[in-house]
Amino acid sequence: MTEDSGTISEATPSEQLPAYLLTWDGRSWRDVVRLKPGHVTTIGRSSTNRIVLQDQSASRNHCELFCSDNVWTLRDHGSRNGTRLNGNPVSGDAGLSSGDEIEIGSCRLVFTHSLDRPTGFDDGREADAPAAEGSPSEDVGILHATATAEFLQGGSATQESSAVLARLYQLGLQMGAAESVPQLTELVVEALARETVAGISAVLLAGPDAGLRIAPVDLKLAGWCSQQDLPYRRVSDNLSRVVLGRREAILAKDVADDQQLSMFDSLGEMRALSVICAPISTEERTLGVIHLYATNPENALNRDDLDFTIAVASQLAVALNRLRERDQLATGLQRVRLANDQLQQELRGEHELLGDSAAMVTLREQVQLFAATDATVLIRGESGCGKELIARSLHHQSQRAESPFICVNCAALNENLLESELFGHEKGAFTGASERRAGRFEQADGGTLFLDEVGEMSAAVQAKFLRILEGHPFERIGGHTPIHADVRIVAATNRDLEAAVEDGSFRRDLYFRLQVAELHALPLRDRPDDVVLLATVFLNRFVRRIGRAVTGFTDEALRRLQDYSWPGNVRELQNTIERTVILCRSEVVREEDLLLSDLGTRHMPAEAVSTGCTTEFTERSLADIEREQILATLEHTDWNKSRAAQILGIERSTLDRKLKRYHVQRPPS
């Protein structure tokens, strides 16, 4: 062996396993030296060594590695501080096995035959050793491994690095404007071909279904660029596996003779002399790799090319993440829209005005006419006959269908709460007002506001409501900022508003403002032909929701439904059918399955449905008749107000207000 020549005549390179020497910086391996059979790899502080150590503990010519008789050997050159192999001092020559650790001062090196899973390193180990540095010789075969570009690690900026940063900035703007992955990868590979000496540049990406830890088999070619119109040859699995596992970029030089690192086609016509492989990584996952290689031995890839590739890979990861998040949002939005459309269709089906009677046909025609305008609509009818359903039908057929439909029950709230509900309040306007709240008028801006039981508004709320109907702005409670809202008003009542106007409980001017267009919801007893149709629709609806195998009604059950007078109107019919579906244990609803109230009998004698007066005519107002009927009903129920309200077909709160208006009190026992 002659050290000057650096060759060993006995070695036969074709018979040797590949061998590598990995340097360790205390956290992970940084550089890889490919050990060539037949060549001596010298280590020390002197710049003439193949591996130069920046460590004062190392001698100028510390040790060497060589292969003889198919065995790699470590030889110490009588160094001052000695060489240790796996913790033991080396005296003379020592044979090496894959995974052996060599210690020279504070520097640690590992000998291995494979870059796939190099042994001897544990990411949790602590060490202060600097990385080994190779000499400038072109045949050294060093692979640089790093996660960050040098010009991005801080320090004073040079004119050259500033120019690189400017080009990266422009590329980043272009990447941010890309609308698709193919457009993005095209920008990247063209920039890499322009800014580096690579003959071929490529981007390989994992599919959207790949896990957090991807393998070489997951990588698919997303885009590539060739300087000389050469075909792209895939990055070696060994190299990409190391890059994906370590999440570090690698520059491999002089790799044409290395079976683990070189790339060639089936005919052996093309070989890469230098390769860069950089991971495209976010904090959470690796998305793919950038792959560059050069075949010109006079113009190999260098550290500047590696740094530029790392910076581009970092920008590409951000841009890919943005595109994927945008696509996920678009897919989710489309899914939500489809679900919303389906729900809207189901809601329109539930809010459809059903019935074949002449009264329902006329009502649907009137609704269609009124829906084409923004006119205020007043809906009259008994409780439970579908006034809110008519209001929703008006809204869905109008030009405001895509805007909110807001419903407020004026009878369910006292004066102060109703005012806050309608007009909103500012923070601190009253006790419990912990934050600003928009009222129903603001929430319904551009849409429809449905006021149920509008006749139960207090005088103060009526006055403020009237000003809004006249086009004036309003203010939140406790606020001073005028608020305008473009709202269509649809009101409903089961009360005799004319009588309320006469007795002064309802403003006359508000009455005329509301009575622009008027619709009447007939009670179900006045359209018995619709009972069977409605009952069938409700049955099918609740069968789907509850999951019972009920197919229909017997003839006897249908006759009983038609003979019942339905004092609770459509609401009572709907509740009856739901209760029947829950309790029914047969495939069809029988007459005995129907649980109907004793209140509804269609064939009642005339005197039973009158107000309780004698057959002789007596001049009395509607208010007097209502008062007498309420008193009679309370006497009948022994002053059970909930039961009396049910019989009268009104809410309990409405009954309380009527008793207060008529000054009715329970007589002492």
Side-chain angles (χ1 to χ4, degrees), residues 28 30 143-154 161 164-178 180-208 210 212-216 218-225 232 234-237 239-253 272 274-294 301-325:
S28 61
R30 286 300 176 191
L143 284 78
H144 294 286
T146 182
T148 308
E150 282 186 349
F151 62 82
L152 297 178
Q153 293 177 348
S161 65
V164 172
L165 288 172
R167 293 196 294 274
L168 283 170
Y169 175 74
Q170 292 298 325
L171 177 61
L173 293 178
Q174 295 173 352
M175 292 166 65
S180 65
V181 173
Q183 182 183 359
L184 182 60
T185 56
E186 183 179 359
L187 284 171
V188 169
V189 295
E190 289 179 353
L192 290 169
R194 186 171 58 250
E195 300 291 340
T196 69
V197 301
I200 292 182
S201 55
V203 173
L204 295 91
L205 300 176
L212 292 178
R213 296 181 61 86
I214 62 175
D218 298 320
L219 297 175
K220 308 298 179 186
L221 184 63
W224 64 284
C225 179
Y232 169 72
R234 184 180 174 88
V235 60
S236 72
D237 285 352
L239 187 57
S240 59
R241 188 176 293 111
V242 172
V243 170
L244 294 173
R246 293 291 183 179
R247 290 166 66 104
E248 291 181 333
I250 285 180
L251 166 62
K253 294 182 182 179
S274 56
V275 177
I276 287 177
C277 188
I280 306 168
S281 300
T282 64
E283 292 184 1
E284 297 80 16
R285 61 188 304 169
T286 299
L287 306 176
V289 298
I290 290 179
H291 178 214
L292 310 181
Y293 57 86
L301 293 165
N302 56 31
R303 182 57 188 262
D304 292 338
D305 297 324
L306 177 65
D307 288 344
F308 187 84
T309 304
I310 291 172
V312 172
S314 177
Q315 290 180 314
L316 179 56
V318 174
L320 283 171
N321 218 31
R322 177 186 64 83
L323 283 178
R324 291 185 176 182
E325 287 179 354

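Just so you know, residue 1 is the first one in the sequence shown, and it goes up from there. The analysis underlying the following values was restricted to heavy atoms, covering all of them including side chains, and did not include hydrogens, waters or symmetry mates. The structure displayed is predicted, hence computed values, not measured ones.
- Across V189, V188, L187, a single residue satisfies side-chain contact (heavy atoms from CB on, under 4.5 Å) together with V312, and that is V188.
- Between the side chain of T185 and the main chain of P182, a donor-acceptor pair closer than 3.5 Å is present.
- At least one donor-acceptor pair closer than 3.5 Å links the side chain of D305 to the backbone N or O of N302.
- Counting heavy atoms from C-beta on, the side chains of L204 and W224 never come closer than 4.5 Å.
- Of all heavy-atom pairs between F308 and L168, the closest is CE1-CD2, 3.7 Å.
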Practice problem: Under the side-chain contact (heavy atoms from CB on, under 4.5 Å) rule, what do V181 and R324 come out as? Steps first, then yes or no, please. | Solution: CA-CA 9 Å; V181 173; R324 291 185 176 182; 5.7 Å; no
Self-check item: CA sep, side-chain torsions, deciding dist, call: L301, V275, side-chain contact (heavy atoms from CB on, under 4.5 Å)
Solution: CA-CA 7 Å; L301 293 165; V275 177; 5.6 Å; no
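- Heavy-atom minimum distance, L171 versus Q315: CD2-OE1, 4.3 Å.
- In this structure, the separation between CG on N321 and CZ on R285 is 8.5 Å, given to the nearest 0.5 Å.
- Distance check: L205 CG to L221 CG gives 9.0 Å after rounding to the nearest 0.5 Å.
- Considering all non-hydrogen atoms of both residues, V243 and E248 come closest at CG1-O, 3.4 Å.
- Taking all atoms of both residues into account, the shortest heavy-atom contact from V289 to C277 is CB-SG, 4.1 Å.
- Atom-to-atom distance recorded for I310:CD1 and S281:OG is 11.0 Å, nearest 0.5 angstrom.
- Note that the CG atom of L287 and the CD1 atom of I214 stand 7.5 Å from one another [nearest 0.5 Å].
- The nearest pair of heavy atoms linking A313 to I280 is O-CG2, 3.8 Å.
- Here the side chain of R247 pairs a donor or acceptor atom with the backbone of T282 at under 3.5 angstrom.
- Counting heavy atoms from C-beta on, the side chains of T309 and L192 come closer than 4.5 Å.
- L244 and P216 make their closest contact through CD1-N, 3.8 Å (heavy atoms, listed as atom of the first residue, atom of the second, distance).
- The distance from the CZ atom of R194 to the OG atom of S201 is 10.0 Å, given to the nearest 0.5 Å.
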